[in-house]
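The figures that follow rest on heavy atoms only: side chains count, while hydrogens, waters and symmetry mates do not. All chains are named by letter (A, B, ...) in the order of the sequence lines, taking the proteins before the strands, and each is independently numbered beginning at 1.
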Amino acid sequence: TQLLEQSPQFLSIQEGENLTVYCNSSSVFSSLQWYRQEPGEGPVLLVTVVTGGEVKKLKRLTFQFGDARKDSSLHITAAQPGDTGLYLCAARGYGQNFVFGPGTRLSVLP
Amino acid sequence: DAGITQSPRHKVTETGTPVTLRCHQTENHRYMYWYRQDPGHGLRLIHYSYGVKDTDKGEVSDGYSVSRSKTEDFLLTLESATSSQTSVYFCAISEGGPYNEQFFGPGTRLTVL
């Protein structure tokens, strides 16, 4: 079973600060996804990265897939209270299924 | 938003009783998934379906069964519920392919007393 680790587990910051969360594994993945989940709702897909070294930007969010396709990071610039939520990474090995990490719970205080 | 509904949204039941959760989609997506979410574990795959009457086990399938008789419906059954199956259950759908973007339903919170 492929395992994903996410760090930090919890993060509480002030509005306007920058932050980076990480997703790591010892396995190589064909692709990796990042989701955000708000309380009482299902996860919502933010991005899919498929190429080693790939960088994708979504407004204030920057996603990077490691060169070896074993890790990924999510960087948020000038965090806002609306960024609060649980950030999950999900990695795909072979086939159509993904393995999810335990998540990073982010709280952005106004 | 993708058209995915789950029913019921909340359920409290007793140990040993059978429970069926329903996932319904209006997107005509090929793949459907059932996950459970527990603190510290993220989402764990229970079963998935890659077509009508085509299903396979996921990471935590013991104690669960599924059925898919129509493209739009995917049922998850707990034959005899146990307290360890208290969790939040999410259904997801996808079209497969290289990106395999999954769209999740709102979840069902199940409590087994």
**Study point:** Side-chain ion pair, B:Arg68 and B:Asp73, N-O less than 4.0 Å
**Key:** no
**Study point:** Toward chain A, the part of B:Gln6 with a non-hydrogen atom under 4.5 Å
**Key:** neither
Review point. Is B:Asp62 salt-bridged to B:Lys57, cutoff N-O under 4.0 Å?
Key: no
Practice item. Would you mind checking which part of B:Arg109 comes under 4.5 Å of any heavy atom in chain A, side chain (CB onward), backbone (N, CA, C, O), both or neither? Key: neither
Exercise for review: Say whether B:Tyr35 and B:Gln102, considering side chains only, have a donor N or O and an acceptor N or O under 3.5 Å apart.
Suggested key: yes
**Study point:** Under 4.5 Å from a heavy atom of chain A, the part of B:Leu45 involved
**Key:** side chain
Exercise for review: For the pair A:Tyr35 and A:Phe100, name the ring-plane relationship: parallel under 30°, tilted 30 to 60°, perpendicular over 60°.
Suggested key: tilted
Revision key, fill the gap. Turns out that what part of A:Gln33 lies under 4.5 Å from chain B's heavy atoms comes down to side chain
Practice item. Answer with side chain, backbone, both or neither: which region of A:Ser31 has an atom nearer than 4.5 Å to a non-hydrogen atom of chain B? Key: side chain
Review point. Does the side chain of B:Ser65 come under 3.5 Å of the side chain of B:Glu79 through a donor N or O and an acceptor N or O?
Key: yes
**Study point:** Under 4.5 Å from any heavy atom of chain A - which part of B:Tyr33
**Key:** side chain
Revision key, fill the gap. Whatever's closer than 4.5 Å to a heavy atom in chain B on A:Gln37 counts as side chain
Review point. Can a donor-acceptor pair be found between the side chains of B:Asp38 and B:Ser87 at a distance below 3.5 Å?
Key: yes
